[in-house]
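Below is one structure, written out as structure tokens, with a few remarks after it.
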Amino acid sequence: MHPAPSIIAFSTFSGLGLGLLFWLGIDPDPPTGWVAFTFFVIAYVLAVGGLVSSTFHLGRPERAIKAFTQWRSSWLSREAWASVAALVVMALYGLGLVFFDANWTILGWLGAALAMLTVLTTSMIYTQMKTVPRWNMWLTPVLFIALSLAGGALLSGRVTIAIWLLALAGAVQLGWWVVGDTRLVQSGTTMETATGLGPMGTVRSFEPPHTGTNYLLDEMVHVVGRRHAQKLRLIAFGLMIVLPILLLLLPFPHIFGILALLSHAAGVLASRWLFFAEAEHVVGLYYGMR
Amino acid sequence: MTQLPESTERKLGLVIDLDTCVGCHACVIACKGWNTEHYGAPLSDQDPYGAEPSGTFLNRIHSYEVQPETGPAQLVHFPKSCLHCEDAPCVTVCPTGASYKRTEDGIVLVNETDCIGCGLCAWACPYGAREMDRAEGVMKKCTLCVDRIYNENLPEIDRTPACVRTCPAGARHFGDLGDPRSDVSRLVAERGGMDLMPEQGTKPVNKYLPPRPKDRLDQETDILAPLLAPVAEDAKGFLGWLDRTLERLPGPANRPSEPRRDKRGER
Ligand code: SF4
Ligand code: SF4
Ligand code: SF4
């Protein structure tokens with residue numbers, strides 16, 4: 001799949017922002033006043049910035065409001081609702097903390113649940129795609145949520161929790177790569193089933209339908225960059241998991257925390273790039289590619 | 001509404017005969033011609049006369065080489081347009097309700113004024129039947145020529161999809177695949193019509209008829225040769241005399257199989 005920068009940035013930053021909102025929401029002893037204000041501004045810049053950047057890849061962004069209508073069937077529509085609900089509820093909760101020194105606990109818990117629901121809906125947009133076997137497995141939502149929780153813990157300065165969650169997210173990420181590599185074969189979709197010509201013999205693409213490129217190839221058959229996938233996986237894993245954990249284990253974790261956070265965010269961006277670039281859409285089989 | 005109907009009254013669709021398709025792309029052009037002028041926005045091209053032309057098409061023809069265990073390989077031309085699936089994943093992912101499947105005849109359509117161009121439906125389709133129009137920013141797909149098949153302003157013979165009407169080989173058939181007595185359903189039953197990617201669970205309405213086995217391929221390869229042989233090997237009369245005289249002159253005879261050399265080549 002084509003790794004569109006706007007979608008990569010969206011899912012990375014909104015995941016971080018929503019993770020931070022989750023930890024703010026369930027905090028039994030949340031910050032108040034200016035400290036709370038700073039935390040909420042960071043969370044909203046990340047979450048809202050991410051959501052806004054996701055509209056950049058729309059062909060008709062001016063009609064985006066219509067995406068709220070089909071929540072009964074569409075995960076994208078559910079994501080729209082969940083994100084707005086999470087942001088509104090957490091804004092009320094933040095209002096209490098910042099201006100009235102009041103901890104409306106129930107609102108916080110509700111907002112935290114909605115924040116994670118939003119991450120879940122985002123991940124389900126990809127998970128539901130049977131056409132992209134690498135995404136089409138239950139590990140995908142687990143990966144998105146684990147990374148969001150770990151990143152949020154890191155952002156909110158919870159050192160011990162962050163270390164454990166980073167380790168957990170790292171394990172899920174490794175599992176996702178290992179299992180993901182087998183998914184296309186497991187799906188059973190091949191050039192033979194795609195063309196129905198399997199019973200006759202081995203199928204080879206002789207001539208594509210067009211001499212140039214087209215939307216399908218640009219959007220769904222992205223093969224550039226897969227060559228360096230293994231190296232990039234190492235880099236992503238190092239930046240996202242290993243380096244932040246090491247930095248947090250050093251003394252003065254709050255000073256090195258900033259570095260850990262930057263490294264983690266860069267690592268998640270790299271991992272998300274691979275999430276798209278490595279994903280094979282079955283339509284590629286019609287072109288003899290994957 | 002992007003929830004799928006429980007069932008549809010009819011299942012209109014195409015039956016595509018891989019045995020007869022000659023890969024001429026006439027249906028591609030007929031489809032583009034009709035649909036760029038009718039339903040929805042025109043089908044745009046990008047850089048059509050430049051170095052990197054691309055464009056929106058609703059129907060495309062692949063060609064495959066199939067190598068059996070023994071015997072010569074076979075070339076199969078493979079038209080592909082929307083299969084108007086019963087369990088269309090492209091419809092349920094749509095957040096706006098722009099994509100829908102009609103209850104009355106099962107045609108899958110995009111209401112372009114509702115489409116936000118998110119592209120999710122194209123991701124969800126395993127067949128590559130949806131293409132985003134890069135000028136209009138909305139999703140385009142085969143409409144089964146909904147504006148022809150019910151169009152009372154057209155002569156009756158033209159009330160079929162443009163691709164079916166134009167196909168010189170008769171490789172595309174249109175009809176109700178929900179009715180077991182229809183011509184298309186009988187064709188599917190007789191010829192063992194098949195689904196593409198059945199494991200994807202989309203339950204396509206369109207069916208493909210497999211190529212017939214080529215059991216006389218070795219006898220058929222020179223099927224045209226007798227027609228291409230020279231009509232008269234031995235010229236008689238004046239031409240015969242000329243032929244024999246020229247043959248006797250020194251110098252190489254100009255055999256047709258030898259490549260002709262131009263003046264520069266001789267120098
Ligand atoms: S072929 Fe693709 S676009 Fe057409 S109905 Fe099936 S899934 Fe949808
Ligand atoms: S591109 Fe248009 S038709 Fe397709 S899912 Fe998005 S809004 Fe619906
Ligand atoms: S039915 Fe109409 S829109 Fe569909 S492929 Fe044929 S000509 Fe194109």
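Chain letters run A, B, ... following the sequence lines, proteins first and then strands; every chain starts at 1. In what follows, every heavy atom counts, from backbone to side chain, and hydrogens, waters and symmetry copies are set aside.
With a 4.5 angstrom heavy-atom cutoff, B:Val66 touches chain A via backbone and side-chain atoms both. In this structure, chain A has a heavy atom under 4.5 Å from the side chain of B:Arg134, while its backbone stays farther away. For a residue to count as touching a neighbouring chain, one of its non-hydrogen atoms must lie under 4.5 Å from one of that chain's; by this rule B:Pro126 touches chain A with backbone and side chain alike. Residue contact with chain A, scored on non-hydrogen atoms closer than 4.5 Å, involves the backbone and the side chain of B:Cys118 alike. For B:Leu120, the parts lying near chain A are the backbone and the side chain together; criterion is any non-hydrogen pair under 4.5 Å. Of the atoms belonging to B:His25, it is side-chain heavy atoms, and not backbone ones, that fall under 4.5 Å from chain A. For B:Glu136, the parts sitting under 4.5 Å from any heavy atom of chain A are the backbone and the side chain alike. Looking at B:Met194, the atoms closer than 4.5 Å to chain A (heavy atoms on both sides) all sit in the side chain, from C-beta outward. Of the atoms belonging to B:Thr113, it is backbone heavy atoms, and not side-chain ones, that fall under 4.5 Å from chain A. For a residue to count as touching a neighbouring chain, one of its non-hydrogen atoms must lie under 4.5 Å from one of that chain's; by this rule B:Tyr127 touches chain A with backbone and side chain alike.
For chain B, the option among A:Thr211, A:Thr189, A:Val203 with the highest count of heavy-atom pairs below 4.5 Å is A:Thr189. In terms of non-hydrogen atom pairs under 4.5 Å with chain A, the most contact-rich of B:Asp133, B:Leu75, B:Val28 is B:Leu75. For the set B:Gly23, B:Ala51, B:Ser63, B:Pro198, the entry with the most heavy-atom pairs within less than 4.5 Å of chain A is B:Ser63. Taking chain B as the reference chain and counting heavy-atom pairs below 4.5 Å, the highest number among A:Thr190, A:Thr69, A:Ile125 is found for A:Thr69. Listed options A:Val283, A:Leu197, A:Val282, A:Thr131 were ranked by heavy-atom pairs under 4.5 angstrom with chain B; first place goes to A:Thr131. Chain B forms the most heavy-atom pairs under 4.5 Å with one residue out of A:Ala67, A:Gly198, A:Ser77, and that residue is A:Ala67. Comparing A:Met129, A:His57, A:Gln128 by heavy-atom pairs within less than 4.5 Å of chain B, the highest count is held by A:Met129. Contacts with chain B were tallied for A:Ser205, A:Gly212, A:Ser187, A:Ala80; A:Ser205 has the most, counting heavy-atom pairs under 4.5 Å.
Closest approach of A:Arg72 to B:Gln3, counting heavy atoms only: CD-OE1, 3.4 Å. Taking every heavy atom of both residues into account, A:His281 and B:Ala122 meet most closely at NE2-O, 4.0 Å. Minimum heavy-atom separation, B:Arg60 to A:Pro209: CB-CB, 3.7 Å. For the pair B:Pro95 and A:Ser74, the tightest heavy-atom approach, listed with the atom from each and the gap, is CA-OG, 3.4 Å. Shown here for A:Met220 and B:Trp123, the closest heavy-atom pair between the two residues is SD-CD1, 3.5 Å.
Relative orientation of the A:Tyr287 and B:His62 rings is perpendicular, given thresholds of 30° and 60° on the angle between their planes.
Counting non-hydrogen atoms of neighbouring residues, nucleotides and ligands closer than 6.0 angstrom, the CD atom of B:Glu69 reaches no more than 12 such neighbours. Residue B:Glu52 qualifies as open at atom CD: its count of foreign heavy atoms under 6.0 Å is 12 or below.
Salt-bridge check for B:Asp114 with A:Arg60: failed, with every basic side-chain N at 4.0 Å or more from each acidic carboxylate O.
Considering only heavy atoms from C-beta on, B:Val93 stays 4.5 Å or farther from A:Trp75 through its side chain. Between B:Pro89 and A:Lys130, every side-chain heavy-atom pair lies at or beyond the 4.5 Å cut-off. In this structure the side chain of A:Phe206 never reaches within 4.5 angstrom of the side chain of B:His77, judged on heavy atoms.
Here the CG-CD distance, from A:Asn214 to B:Gln46, works out to 11.0 Å after rounding to the nearest 0.5 Å.
In the model, A:Thr193 has a side-chain atom that pairs as donor or acceptor with a side-chain atom of B:Glu199 under 3.5 Å.
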